[in-house]
Amino acid sequence: MASIEETPLEARPAPESYEPGSEADFERLYRNSYRRILGTLITLVRDRATAEDCAQETYERAYRHWKDWRPNASAEAWLHRIAINVAISDRRYQRLRQAGEVVRRLGRPAPGPDPSVVAERSDVLKAMKKLPPKQAAALVLRHYHGYSNREIASALGVPEQTVASRLAAARKQLQAVLGQRS
Amino acid sequence: MSDLEHDLENELRRVLDPLAAAPIPPRRAPGRRVSARAVLGGAGAALSIKLLTGVAVAAAAVTLAGAATTGSINPADWGKQVSEQVEACKAALAAGQHGIGDCVSDFANQHGQAVASDARHHGNGGGGSSNAHGNNPNANDHAKDKTKGGHNTQTKGSATSQDPTDPSTHPAVTPPTKP
């Protein structure tokens with residue numbers, strides 16, 4: 001991975017071309033983009049196992065609409081858009097599950113933390129998971145994948161100005177959360 | 001670049017870069033499973049939460065209405081009172097005497113009237129609540145119906161026992177005389 005300053009947009013390799021509806025091209029897209037989609041999802045959902053599950057669901061949804069995809073937009077940006085929606089659905093589902101767990105566990109001691117979850121978490125990641133998914137996604141697309149605001153806008157399907165304000169709000173909230181801890 | 005952005009990039013690299021070395025799993029076959037997340041995650045989650053809240057509020061309202069009507073949150077209280085009354089009626093019967101229906105019916109009527117007057121006092125809403133509680137109005141109405149039924153049966157019986165052609169019940173009609 002390279003930061004935006006180190007790798008300007010024009011220096012990055014041109015995106016691969018894919019033919020909509022082609023089985024072989026979808027498999028190639030999966031191989032080329034899986035790790036980056038998983039990386040984004042890890043910052044949005046609670047743990048790696050959930051992120052892997054969400055990544056598979058992202059490709060399932062994408063596969064269902066693969067014939068309708070238009071090559072005028074980046075395939076990976078399109079996948080990111082689907083992945084963010086899957087992550088939002090997952091957060092809602094987890095909230096519902098947690099409510100059920102609380103009812104089931106009433107009066108019993110709370111279970112200890114899952115070691116596999118703890119190992120993956122850092123303060124920054126924990127803080128990012130508390131952000132609204134679209135803000136967190138904007139941060140990871142910008143600061144890890146090196147997308148420009150225009151590319152993020154294309155991925156999320158929103159105007160560039162919205163991306164700029166989401167990034168500003170996300171940074172402010174992240175700073176507040178991290179500042180409280182230090 | 002600010003310190004925060006620098007820290008953020010470093011942290012994301014530290015956590016996410018190891019993913020590059022991880023093997024890519026085979027793609028899941030589409031339509032292999034129906035995810036609970038798909039059902040509950042999207043609009044379904046919001047709908048489920050609203051539905052659960054609605055059920056909980058309705059249950060609480062019914063319980064409170066029942067408690068306000070009977071003075072107890074236990075819906076079995078009225079049944080218990082009736083059982084006790086049946087035993088008391090049996091005990092009150094003289095030796096060789098049969099039939100406790102009137103005795104129990106009196107008790108049911110008294111209770112029904114008390115609840116009905118209470119419902120009138122509180123307005124129409126109270127009646128609906130006490131019905132939902134399933135406590136007494138049904139039993140009471142049932143008792144009233146029985147009474148009504150009894151009357152009807154008797155009326156019908158007395159009507160049918162009379163011969164429509166019996167001159168004692170039908171006075172003779174004299175034809176009008178022509179001028």
Side-chain angles (χ1 to χ4, degrees), chain A residues 1-5 26-27 30-32 34-36 38-40 42-43 48 50-57 59-64 85-86 88-97 99-100 120-125 127-128 139-140 142-146 167 170-172 174-175 178-179, chain B residues 1-67 73-75:
Chain A
M1 176 263 163
S3 69
I4 300 157
E5 281 72 14
F26 191 81
E27 191 59 33
Y30 175 75
R31 297 270 153 206
N32 288 341
Y34 178 82
R35 288 186 179 117
R36 290 162 72 84
L38 180 64
T40 302
I42 281 178
T43 62
R48 178 162 178 170
T50 308
E52 285 173 352
D53 195 37
C54 286
Q56 291 296 338
E57 187 153 336
Y59 285 98
E60 274 186 34
R61 286 192 196 182
Y63 184 77
R64 283 200 291 271
N85 286 332
V86 170
I88 291 170
S89 291
D90 181 76
R91 281 200 186 184
R92 286 191 192 131
Y93 171 71
Q94 293 302 339
R95 273 206 299 269
L96 198 62
R97 250 188 83 191
E120 281 175 355
R121 287 192 174 174
S122 70
D123 281 350
V124 172
L125 232 60
M128 282 185 73
L139 277 183
V140 76
R142 174 91 175 152
H143 294 288
Y144 182 70
H145 294 309
L167 280 169
R171 285 182 195 124
K172 194 175 170 185
L174 203 58
Q175 202 153 28
L178 293 173
Chain B
M1 187 192 288
S2 70
D3 286 347
L4 176 74
E5 288 172 352
H6 189 71
D7 289 349
L8 183 60
E9 287 192 5
N10 284 340
E11 194 64 15
L12 287 173
R13 259 184 251 171
R14 188 183 71 78
V15 176
L16 301 181
D17 275 356
L19 288 177
I24 297 173
R27 186 161 60 87
R28 196 161 65 199
R32 213 175 68 182
R33 67 183 184 116
V34 176
S35 168
R37 186 181 295 112
V39 176
L40 297 172
L47 191 64
S48 304
I49 289 170
K50 283 175 185 167
L51 197 66
L52 288 174
T53 310
V55 168
V57 168
V62 166
T63 306
L64 287 175
I73 57 166
N74 185 1

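In what follows, chains are A, B, ... by sequence order, proteins preceding strands, each numbered from 1.
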Between [atom1] on residue [X] and [atom2] on residue [Y], distance to nearest 0.5 Å:
X       : Y       : atom1 : atom2 : answer
H143(A) : R13(B)  : NE2   : CZ    : 11.5 Å
R14(B)  : L125(A) : CZ    : CG    : 8.5 Å
L12(B)  : H145(A) : CG    : NE2   : 9.0 Å
Q175(A) : E5(B)   : CD    : CD    : 9.5 Å
L16(B)  : T40(A)  : CG    : OG1   : 8.0 Å

Can you name the closest pair of heavy atoms from [X] and [Y] and give their distance?
X      : Y      : result
R48(A) : A22(B) : NH2-CB, 3.7 Å
P26(B) : R31(A) : CA-NH2, 4.5 Å
Q56(A) : R28(B) : OE1-N, 2.8 Å

Checking P25(B) against chain A: side chain, backbone, both or neither under 4.5 Å from a heavy atom?
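Answer is both: backbone and side chain atoms of P25(B) are under 4.5 Å from chain A.
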So L4(B) and L178(A), side-chain contact (heavy atoms from CB on, under 4.5 Å) or not? Walk me through it.
CA-CA 9 Å; L4(B) 176 74; L178(A) 293 173; 4.0 Å; yes
Does NZ or CZ of R27(B) lie under 6.0 Å from the centre of the six-membered ring of Y63(A), at an angle within 45° of the ring axis?
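Satisfied, under 6.0 Å and within 45°.
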Begin from the C-alpha positions of L8(B) and V124(A) and carry the test side-chain contact (heavy atoms from CB on, under 4.5 Å) through to its verdict.
CA-CA 7 Å; L8(B) 183 60; V124(A) 172; 3.4 Å; yes
